[in-house]
Amino acid sequence: MNRSSPDLHPTLTMRSGFFLTYSRNHTGIKPSRSAMKLLSVIATAVALVTRAVSEVNVIGPFALRITGKTNPSVDGYAWGCHAGAATEGLCYAEGSAAVSGSVYEFYYNYTSYEGASYPGAISYVFSYEGADGAQVKVPSAVHIYPNWASNVHQALVPPGLEDATPVSLDFDTGFFYMSSLYDDTHWNSTTPLLQAQRNVSNFHLCYQWTGGYWYRSVAWVSGYEGAAPQNPSCEPVNLGVESLATDA
């Protein structure tokens, strides 16, 4: 893949926790020896589970960088454009420097355990003015919606985090991809030999209906990496992390 690395200097914070609730013995009856043994076993199990809890990591805010894989003139950033009720699209804004502003601010939420990272979500904070005039902020995440009439699937940001599409981040290049996918281009009636799963980056920039609006925005093309999109306006891009510009 033709990829050049963007600056990767986001702020990283880690949060982890495990909560245990219990009730006291209010009967005044001393627990039996067998009960004490059981309590000891439970306490040991709780300690092991506490150690095994994965860490939830949040990177950001950062700019979501868009660079062309085959077209060098594609050089800009994603921003949250209005696509419907409380829903944003990932629209394209040309430019070679990250822009400050809430519509350009994104996050990456993922979990890690014993040094291994697992797919996470590209998140965004949707803001609107409440009835009392105060700003209401709704944590939201990127969801790739399937289009059963095409292999081009638009990326939208609906409210909430529950429907996030899992993506992975290459911490060396700063680019997003989807991990652990099989190549089925040669499958037939014979059971295939065990094959390594592949990482695929099939993000594209397309003119498309983004929610209810016609935008040039980010989409995902299904298939192996390099598969031709059905929408002829689509161009393959890298989607990556870049530090936001700060005021001097």
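Since we're looking at a predicted model, the values are computed, not measured.
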Practice problem: Indicate yes or no: at least one non-hydrogen side-chain atom of Thr111 is less than 4.5 angstrom from one of Tyr113. | Solution: no
Quiz item: Where is the tightest heavy-atom contact between Tyr107 and Asn109, given as atom of each residue plus distance?
Solution: CB-OD1, 3.9 Å
Quiz item: Between Phe126 and Ala86, what is the shortest heavy-atom contact and its length?
Solution: CZ-CA, 3.6 Å
Quiz item: Say you draw a straight line from OG of Ser243 to CZ of Arg65; how long is it, rounded to the nearest 0.5 Å?
Solution: 12.0 Å
Quiz item: Do Gln208 and Ser217 meet the criterion of a side-chain donor-acceptor pair at a distance under 3.5 Å?
Solution: yes
Quiz item: Say you draw a straight line from CG of Asn238 to CG of Leu205; how long is it, rounded to the nearest 0.5 Å?
Solution: 12.0 Å
Practice problem: Please report the closest heavy-atom contact between Asn231 and Cys206, naming both atoms and the distance. | Solution: ND2-CB, 3.9 Å
Quiz prompt | Heavy-atom side-chain contact between Trp220 and Leu239 under 4.5 Å | solution = no
Exercise. For residues Tyr118 and Ser112, report the shortest heavy-atom separation together with the two atoms involved.
Key: CD1-CA, 4.3 Å
Quiz prompt | Verify same cluster id: Val221, Tyr177 (apolar side-chain graph, 4.5 Å) | solution = no
Quiz item: Are any of the side-chain heavy atoms of Leu244 and Glu105 separated by less than 4.5 Å?
Solution: yes
Quiz item: Can you tell me how far CH2 of Trp79 sits from OG of Ser102, rounded to the nearest 0.5 angstrom?
Solution: 11.0 Å
Quiz prompt | Those residues that, when tested against Phe106, pass ring pair (Phe, Tyr, Trp, His ring centres under 6.0 Å) (two or more places apart) | solution = Tyr124
Exercise. Begin from the C-alpha positions of Tyr110 and Ile59 and carry the test side chain to side chain contact (heavy atoms under 4.5 Å, CB included) through to its verdict.
Key: CA-CA 9 Å; Tyr110 71 100; Ile59 297 176; 3.9 Å; yes
Quiz prompt | Note: Arg216-Glu235 ion pair, threshold 4.0 Å (strictly below) | solution = yes
Exercise. Under 4.5 Å between side-chain heavy atoms, chaining through other members, with only Ile, Leu, Val, Met, Phe, Trp and Tyr counted: pull out the rest of the cluster around Tyr213, sorted by chain and number.
Key: Tyr215
Please tabulate, for the side chains in residues 130-140, all donor-acceptor contacts under 3.5 angstrom to protein atoms that are two or more places apart in sequence or on a different chain.
| unit_1 | atom_1 | unit_2 | atom_2 | d |
| --- | --- | --- | --- | --- |
| Asp132 | OD1 | Ala134 | N | 3.0 |
| Ser140 | OG | Val138 | O | 3.1 |

Quiz item: Where is the tightest heavy-atom contact between Val237 and Val74, given as atom of each residue plus distance?
Solution: CG1-CG1, 3.9 Å
Quiz item: When you measure from the side chain of Asp170 to the backbone N and O of Thr173, does any donor-acceptor pair fall under 3.5 Å?
Solution: yes
Practice problem: Quick one: closest heavy-atom pair of Gly120 and Tyr108, and the distance? | Solution: N-OH, 3.1 Å
Quiz item: Who pairs with Trp209 by ring pair (Phe, Tyr, Trp, His ring centres under 6.0 Å), at least two apart in sequence or on another chain?
Solution: Trp214
Practice problem: Find out if a path of hydrophobic residues (ILVMFWY) with successive side-chain heavy-atom gaps under 4.5 Å connects Phe176 to Tyr224. | Solution: no
Quiz item: Are any non-hydrogen side-chain atoms of Met178 and Thr165 less than 4.5 angstrom apart?
Solution: yes
Exercise answer: donor-acceptor pairs, residues 148-161 side-chain atoms, under 3.5 Å, sequence neighbours excluded:
| unit_1 | atom_1 | unit_2 | atom_2 | d |
| --- | --- | --- | --- | --- |
| Ser150 | OG | Val152 | N | 3.0 |
| Asn151 | OD1 | Gln230 | N | 2.8 |
| Asn151 | ND2 | Ala228 | O | 3.0 |
| His153 | ND1 | Asn147 | N | 2.9 |
| His153 | NE2 | Asn151 | O | 3.4 |
| His153 | NE2 | Ser222 | OG | 3.2 |
| Gln154 | OE1 | Gly211 | N | 3.0 |

Quiz item: Looking at Tyr182, does the NZ or CZ of Arg198 lie under 6.0 angstrom from its six-membered ring centre and within 45 degrees of the ring axis?
Solution: no
Exercise. Would you check if the side chain of His204 reaches a backbone N or O of Asn202 as a donor-acceptor pair within less than 3.5 Å?
Key: yes
Quiz item: Members other than Leu193 in its cluster, when Ile, Leu, Val, Met, Phe, Trp, Tyr link by side-chain heavy atoms under 4.5 Å?
Solution: none
Self-check item: Joint hydrophobic cluster, Tyr92 plus Tyr207, side-chain heavy atoms closer than 4.5 Å
Solution: no
